Amino acid sequence: MKTNIALIGFMGAGKTTIARALAQKINREFVELDSLIERNAGKAITDIFSQDGEIAFRESEMRVTEKISRGRNMVIACGGGIVLNRINIDRLKKKSLVIYLSVSPEVLLQRLANTKNSRPLLNGKDMETTIAELLEYRKPLYKAAADIVIDTTEMDVDSVVKYIITSLSCDDSFNI
Ligand code: S3P
């Protein structure tokens, strides 16, 4: 029986906010993979990317995912690129129900406009084009990885949390 929920989706999809709210509501531990990567490295994600490179970041992401995916009773906010290495999803899926929070590119653009400095993949680039290109490549990966897909474009945090809780109580593979 699965006891974790892992939220996946593009940067700006609201994974962290929704994971935190959901964890509180269903009384589970909230875990953010990016924070664990930063804690292990002793520096911010932007510095990992600029000083050590994306490959080092992805390696750290794989190590953290491997460790976390063995635990129980957590709501896990994953980084947007978790799906780039298939092994991450294979590991997560052993004990986690994977939920893809889908958001339209227009809303992502609005949300990410203010935070692009903290997101190395978007920093210094034309955001609209970068989002479109990354989404085109990643969308099929998010969909393939997900047990549940929610289009959250027009939903607020509370509605998404309620929707997830209802979905969980109908899912036989999950122990809520
Ligand atoms: C990334 C998303 C970021 C962070 C890193 C790489 C990505 O997490 O892991 O900057 O490849 O999409 P958020 O999705 O929480 O922004």
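Keep in mind it's a predicted model, so treat the numbers as computed, not measured. Note: hydrogens, waters and symmetry copies are ignored here, and every other heavy atom, side chains too, is used. Read the numbers this way: they start at 1 and go in the same order the structure lists the ligands and their atoms.
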D52/K43 salt bridge by N-O under 4.0 Å criterion:
yes

What does the list of residues with a heavy atom under 4.0 Å from ligand 1 look like, ordered by chain and number?
M11, K15, D34, I45, F57, R58, G79, G80, G81, R119, P120, L121, R138

CG on N175 to CZ on R72, rounded to 0.5 Å:
7.5 Å

Just so I know, are the side chains of L135 and L108 near enough to count as touching, which here means a heavy-atom distance under 4.5 Å?
yes

Nearest 0.5 Å, please: how far is CG in N88 from SG in C78?
8.0 Å

Between atom NZ of K15 and atom CD of E32, what is the distance when rounded to the nearest 0.5 Å?
9.0 Å

What distance do R28 atom CZ and M74 atom CE have between them, rounded to the nearest 0.5 Å?
10.0 Å

